[in-house]
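Everything numeric here is computed off the predicted structure, so don't read it as measured data. In what follows, chains are A, B, ... by sequence order, proteins preceding strands, each numbered from 1.
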Amino acid sequence: MSSELFADLEWRGLLAQTTDRDSLIKELKSAPTKFYIGFDPTAPSLHVGNLVVILVMRRFQLAGHLPIALVGGATGLVGDPSGRNEERTLNDESVVLEWVGNIKNQLSKFLDFDTKQNPAVMANNLVWTKPVSALEFLRDIGKHFSVNQMLAKDSVASRLESGGISYTEFSYQVLQAFDYLELYRRDNCKLQLGGSDQWGNIVAGLDLIRKVEGGSAHAFTIPLMAKSDGSKFGKTAGGSVWLDPEMTSPYAFYQFWFNTEDADVEKYLKVFSFKDRSEIERLIETVKTNPGAREAQRELARELTSMVHGADESAKVEAASSALFGQGELNLLDEKTLAAALSQLPKVSISKNEAFPTWVDLLAATGVVDSKSAARRIVKENGAYLNNEKISGEDFAPTKEHLIHGRFLVLRKGKRDLASVEVI
RNA sequence: GGCGGGUUGCCCGAGCGGCCAAUGGGAGGGGACUGUAAAUCCCCCGGCUCUGCCUUCGAAGGUUCAAAUCCUUCACCCGCCA
């Protein structure tokens with residue numbers, strides 16, 4: 001079972017580094033193993049980048065192991081220097097507390113907390129970190145750390161190069177090591193997973209466990225997601241793609257996956273999809289044989305949107321997408337279908353008693369552009385469309401004649417940035 | 001605490017009294033070509049009541065007809081010394 005898990009993870013490209021491979025496999029094989037991943041509350045929501053690691057967690061649970069989802073109520077107050085070239089700004093405790101709650105909710109969608117055999121559990125490192133006094137911490141934990149080694153860690157060394165590091169963030173690795181020690185003691189947690197940038201922090205925990213408890217535990221890291229063109233995964237023009245539907249609409253979420261470029265879709269399927277291997281291989285084949293159909297992208301978008309926002313919501317946004325990107329004959333769509341599709345888009349309402357604003361104003365009002373200047377620019381550059389038809393002229397204002405079903409206008413910027421106007 | 005260097009638009013980075021909304025690169029946006037893809041080529045990229053006006057060059061004051069550019073104070077960062 002566990003060697004299968006390992007082989008599968010390797011095939012999917014999800015293995016960066018582990019501690020001694022054979023003994024880890026042996027450990028996993030011998031019994032269901034408790035393992036943990038930490039998530040620091042650095043934002044109000046998790047984003048698609050976090051999904052990589054979350055789904056590996058799920059794969060471990062499906063293989064019979066016991067996940068501990070650790071939310072960094074304490075570490076989130078301090079700030080992880082890994083992968084950053086400058087100091088984080090500290091967030092208020094109340095803010096971090098709120099984010100902890102959000103993240104817990106989101107994590108709960110991906111793990112099974114109710115199964116009898118190997119239920120997932122949630123933990124918060126604030127529970128064991130807060131009661132420890134600074135003096136205790138320095139004496140009991142700090143004594144086991146060599147500053148020489150701490151300085152040698154990538155996360156610290158690179159910061160010494162770039163902009164320096166505060167004592168606060170320098171201490172982060174000690175806190176994370178303490179987490180691992182605590183989970184090892186309390187729950188016999190033997191494995192920590194994380195992004196490959198976490199290697200140093202995880203290893204610090206292993207050292208601490210060895211020194212304090214004489215025990216041995218394991219580390220497993222996952223490669224950081226990289227796009228084929230070198231740009232950062234999980235970002236769109238609007239910023240990060242969040243799991244929170246208030247921050248990234250399910251429609252935008254679906255579109256994010258649907259627009260995956262061919263060069264990346266194989267990787268994404270392997271990393272994010274739970275389809276079996278033969279199905280994934282079939283989809284990869286379709287990218288070569290019939291790329292225009294985008295079957296692989298569609299399946300990917302459908303699966304991920306369902307997983308994060310539910311099957312119903314996924315079906316809705318998929319229907320909206322195909323309606324809006326279909327034939328271009330929007331007025332042929334029946335009113336109900338169109339209304340449903342438009343409800344997924346940014347929307348602005350205007351009163352039927354007032355004169356229609358210019359469409360420059362409307363574009364700006366819907367938020368598809370940042371400002372009126374930007375709206376003017378788009379119009380000037382021939383990138384603005386009304387009801388899928390290209391129109392030019394900054395002063396153009398829609399009239400009743402343009403309304404579809406007497407209520408709707410569909411505005412578009414560029415190829416795929418849509419918004420709706422409803423007259424009420 | 002002392003001395004020196006720095007803080008410029010989303011990011012990096014020029015500018016060092018008027019010709020500066022501010023060179024260049026990256027990111028981003030639009031068009032053409034396509035498949036809601038990539039690559040490529042062209043264009044754009046502070047805001048607005050847009051042939052002009054307004055607000056930006058760490059913050060607040062000051063000098064000057066005129067300041068991102070000079071002076072003063074403050075904040076933060078970096079280096080060396082204590």
Using nucleotides 40-46 of chain B, report all nitrogen or oxygen pairs with the protein that are shorter than 3.5 Å.
from: B:C44; atom 1: O4'; to: A:Glu381; atom 2: OE2; distance (Å): 3.0
from: B:C44; atom 1: O2'; to: A:Glu381; atom 2: OE2; distance (Å): 3.4

Below 30° counts as parallel, above 60° as perpendicular, anything between as tilted: where do the rings of A:Phe258 and A:Tyr254 land? parallel
Walking RNA chain B from its 5' end, the first of A:Gly383 and A:Asp361 to be reached, judged by nearest nucleotide, is A:Gly383
By ring-ring contact (aromatic ring centres under 6.0 Å, His included), A:Trp99 pairs with (sequence neighbours left out) none
P-based separation of B:C70 from B:C53 [nearest Å]: 27 Å
Checking base pairs now: Watson-Crick or wobble, both atom distances under 3.5 Å. What partners B:C19? none
Classify the angle between the aromatic ring planes of A:Phe178 and A:Phe137 as parallel (below 30°), tilted (30 to 60°) or perpendicular (above 60°). perpendicular
Scanning all shown strands, the Watson-Crick or wobble mate of B:G58 with both distances under 3.5 Å is B:C74
Complement of B:U64, any strand, by Watson-Crick or G-U distances under 3.5 angstrom: none
Could you pick out which residue, A:Val287 or A:Ala374, lies toward the 5' side of RNA chain B when each is mapped onto its nearest nucleotide? A:Val287
Please give, in whole Å, the distance from B:U34 C1' to A:Asn259 CG? 14 Å
B:A37 -> Watson-Crick or G-U wobble partner, both distances under 3.5 Å, gives none
Applying the 3.5 Å cut-off to both distances, the Watson-Crick or G-U partner of B:U51 turns out to be none
Give me the distance, rounded to whole Å, that separates B:C78 from B:C12 when you measure between the P atoms they each carry. 15 Å
Qualifying residues under salt bridge (charged side-chain N to carboxylate O under 4.0 Å, His left out), relative to A:Glu182, sequence neighbours excluded: A:Arg185, A:Arg186
Side chain to side chain contact (heavy atoms under 4.5 Å, CB included) partners for A:Thr358, two or more places apart: A:Val360, A:Asp361
Just checking A:Tyr385: base, sugar-phosphate only, or nothing, at a heavy-atom cut-off of under 4.0 Å? sugar-phosphate
Does the A:His402 side chain pair with the main chain of A:Thr399, one donor and one acceptor, at a distance under 3.5 Å? yes
Taking atom C1' in both B:C20 and B:A27, what distance in whole Å separates the two? 24 Å
Quick one: which of B:A38, B:U36, B:U34 gets closest to the side chain of A:Lys415? B:U34
Taking only distance into account, with no hydrogens and no angle test, what donor-acceptor pairs under 3.5 Å do side-chain atoms of residues 414-424 of chain A form with protein atoms, sequence neighbours excluded?
from: A:Arg416; atom 1: NH1; to: A:Asn259; atom 2: OD1; distance (Å): 3.3
from: A:Glu422; atom 1: OE1; to: A:Lys347; atom 2: NZ; distance (Å): 3.0
from: A:Glu422; atom 1: OE2; to: A:Arg407; atom 2: NE; distance (Å): 3.4
from: A:Glu422; atom 1: OE2; to: A:Arg407; atom 2: NH2; distance (Å): 2.9

Name the pairing partner of B:A27, where a pair is Watson-Crick or G-U wobble with both distances under 3.5 Å, or state none. none
What about A:Asp262, does its side chain sit under 3.5 Å from the base of B:G35 through a donor-acceptor pair? yes
From the candidates B:A37, B:G31, B:C48, the one with an atom nearest any side-chain atom of A:Lys390 is B:G31
Considering only the P atoms, how many Å lie between B:C43 and B:U64, rounded to the nearest integer? 46 Å
Under 4.0 Å, heavy atoms only, any strand: does A:Lys372 hit a base, just the sugar-phosphate, or nothing? sugar-phosphate
Can you tell me if the side-chain N/O atoms of A:Arg416 get under 4.0 Å from OP1 or OP2 in B:A37? yes
Across every strand shown, the nucleotide meeting Watson-Crick or G-U wobble geometry with B:G1 (both distances under 3.5 Å) is B:C81
Do A:Gln255 side-chain and B:U36 base share a donor-acceptor contact under 3.5 Å? yes
Interatomic distance where CD belongs to A:Glu295 and C1' belongs to B:U36 [whole Å]: 17 Å
Suppose we screen for side chain to side chain contact (heavy atoms under 4.5 Å, CB included). Which residues come up paired with A:Lys130, at least two apart in sequence or across chains? A:Glu93, A:Leu126
Nearest-Å distance, CD (A:Glu318) to P (B:U36)? 15 Å
